[in-house]
Amino acid sequence: MLRSHLSVSWEFVSGWQLNPGFSYTHITGSPISTGAVSLAVSRDFELALSGGHTGRQWPEGEFLKVATFKPTFRQYIPQGSRTRGGRGRPINTMNTIGAEVTFSRTASNEVFIQTYGVFSGDSEGYADWLLGYRHFLNLNPIRLSASVAAGTGGGGDVNTGGGMVMMGGVGLEIPLTRQLGLEFEYMSTRSFNGDFFTLAPGARIIRYLNHPFRDDDGRSYRWAANSGMVLQIPNSSYRNNPENPNPLVFMIEAAMDLYFSSRFYVTGRAFTSFIGDAGGYQIGLLGPGYRFPVYRSTYVSGEIYIGAGGGAGVATRGGLLTGGRVSIDFPVWRSLAFSAGAGTLTSVLAPGMNPVTIHTGIRIPFTSHH
């Protein structure tokens, strides 16, 4: 897919912008080639971040801080929902895994970004991305919460209509240590104009970067944002239908690394295909990594993953995936590196896709202050 976009920005209230725009989208291998108008509202967030990993450039004033990082599990229990089509079948329980990052200025509320993908149960290939707001009732040592969110979801033949998904519910947060906690939620999910309505219980492991009941002022954490391209070289059982063409698959990658020491980090990675007869194929992965210098500012890293993926007839066998990679990073300047490497990915629940993966892209290190 190639999409060009032009927009203008008008600040109608301090910190808020209105963004009317026009875009043109062309999808290769598809008759889709069309223009579109858009209207967006944007809000400035003054995040307490600085470039690179060296030194401590502490920002002054009140800033929005990265509060938590959470590996997550959620179960979607459909309430009479059916798959796409005039006589779609009933959808059964969908088990998903994902990740959430939250941002806050105070202990009473936060905004969050979360993503989930099916790894077992029904609707292999379903995934969603949600942006939301959570308000807390702080009852030290626990917290009660109410959350609302909206975003996009689809795949796995789930009938989300045009793709918009809304969610709301309540939760319980239990801090266990200065750095770790547990969170339990009971949510309800509904598509805006499709046939997707579920109850959605879930659980999260919390890694606190800003503890709600303790003073963490003065801490900083190292991160890295990654973006690039991944080539998947298919094996013979890569597709559900072996009679279909089996070309190379190219995917766009976006990732975020959070360091817990000078060498150990946790990475979250998302992929979506753009070349290779696999439109709609997407993957989300989470796992540990280890990075060490080999020559001056050149580093080698190794990562292992577990996650979910599916779509476009790729044989993910229910959606649960595991794999790993080895990469080398070459410095371009203090806050930018070029990265290249190779790895593999495989379905877990049954033999299926097991491609060799080739990676290339950029890595942007930065630091968050707390």
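No hydrogens, no waters, no symmetry mates; every other heavy atom, side chains included, goes into these values. Just so it is clear, the model here is predicted, and its values are computed rather than measured.
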Can you name the closest pair of heavy atoms from Pro365 and Arg363 and give their distance?
CD-O, 3.6 Å
Ion pair present between Arg89 and Asp122, side-chain N to carboxylate O less than 4.0 angstrom?
yes
Taking Glu185 first and then Arg74, would you say they form a salt bridge - that is, a charged N and a carboxylate O separated by under 4.0 Å?
yes
ILVMFWY cluster, Leu286 and Leu345 together (side-chain gap under 4.5 Å):
no
Spell out, yes or no, whether Tyr116 and Leu321 are grouped together once hydrophobic residues are joined by side-chain heavy atoms under 4.5 Å, including indirect joins.
no
Pairs touching residues 291-302 that satisfy side-chain hydrogen bond (donor to acceptor under 3.5 Å, both in side chains), sequence neighbours left out
Arg291-Asp329
Counting N and O atoms only, with roles assigned by atom type, does the side chain of Arg84 sit under 3.5 Å from a partner on the main chain of Gly161, one being a donor and the other an acceptor?
yes
Any donor-acceptor pair under 3.5 Å from Ser347 side chain to Gly352 backbone
yes
Can you list the steps and then say if Thr102 with Thr68 is a side-chain hydrogen bond (donor to acceptor under 3.5 Å, both in side chains)?
CA-CA 5 Å; Thr102 71; Thr68 64; 2.5 Å; yes
Once ring pair (Phe, Tyr, Trp, His ring centres under 6.0 Å) is applied, what residue pairs with a partner in residues 11-33 remain, sequence neighbours excluded?
Trp10-Phe12
Using the side chain to side chain donor-acceptor pair (under 3.5 Å) criterion, which residues pair with Arg269? Sequence neighbours excluded.
Glu253, Thr267, Glu303
Listed partners of Asn354 passing side chain to side chain donor-acceptor pair (under 3.5 Å), at least two apart
Thr344
Would Asn210 and Arg219 satisfy side-chain hydrogen bond (donor to acceptor under 3.5 Å, both in side chains), going step by step from the backbone distance to the final call?
CA-CA 9 Å; Asn210 252 25; Arg219 290 188 172 216; over 6 Å; no
When you compare the side chains of [X] and [Y], does any donor N or O come within less than 3.5 Å of an acceptor on the partner?
X	Y	result
Asp128	Tyr126	yes
Arg239	Asn244	no
Arg325	Tyr305	yes
Thr367	His369	no

Under the side-chain contact (heavy atoms from CB on, under 4.5 Å) test, residues paired with [X] that sit two or more places apart:
X	answer
Ser273	Val249, Met251, Ala278, Tyr281
Phe250	Met229, Leu231, Leu248, Phe274, Ile275
Asn95	Phe73, Gln75, Thr93, Phe119, Ser120
Leu139	Leu137, Ile142, Leu144

Kindly give the cluster partners of Phe192, where membership spreads through any ILVMFWY side chain lying under 4.5 Å from a current member.
Met164, Met166
With a cutoff of under 4.5 Å between side-chain heavy atoms, which Ile, Leu, Val, Met, Phe, Trp and Tyr residues group with Tyr265?
Tyr259
The criterion is salt bridge (Lys or Arg N to Asp or Glu O under 4.0 Å); which residues satisfy it with Glu110, sequence neighbours excluded?
Lys70, Arg134
Cation-pi check, Arg207 onto Phe69 ring (under 6.0 Å, within 45° of axis):
no
In Å and rounded to the nearest 0.5 Å, what is the CG to CD1 distance from Leu176 to Ile205?
10.0 Å
Just list the side-chain donor-acceptor pairs under 3.5 Å for residues 34-43, sequence neighbours left out, or say none.
residue: Ser42; atom: OG; partner: Gln17; partner atom: OE1; Å: 3.0
residue: Ser42; atom: OG; partner: Asn19; partner atom: OD1; Å: 2.9

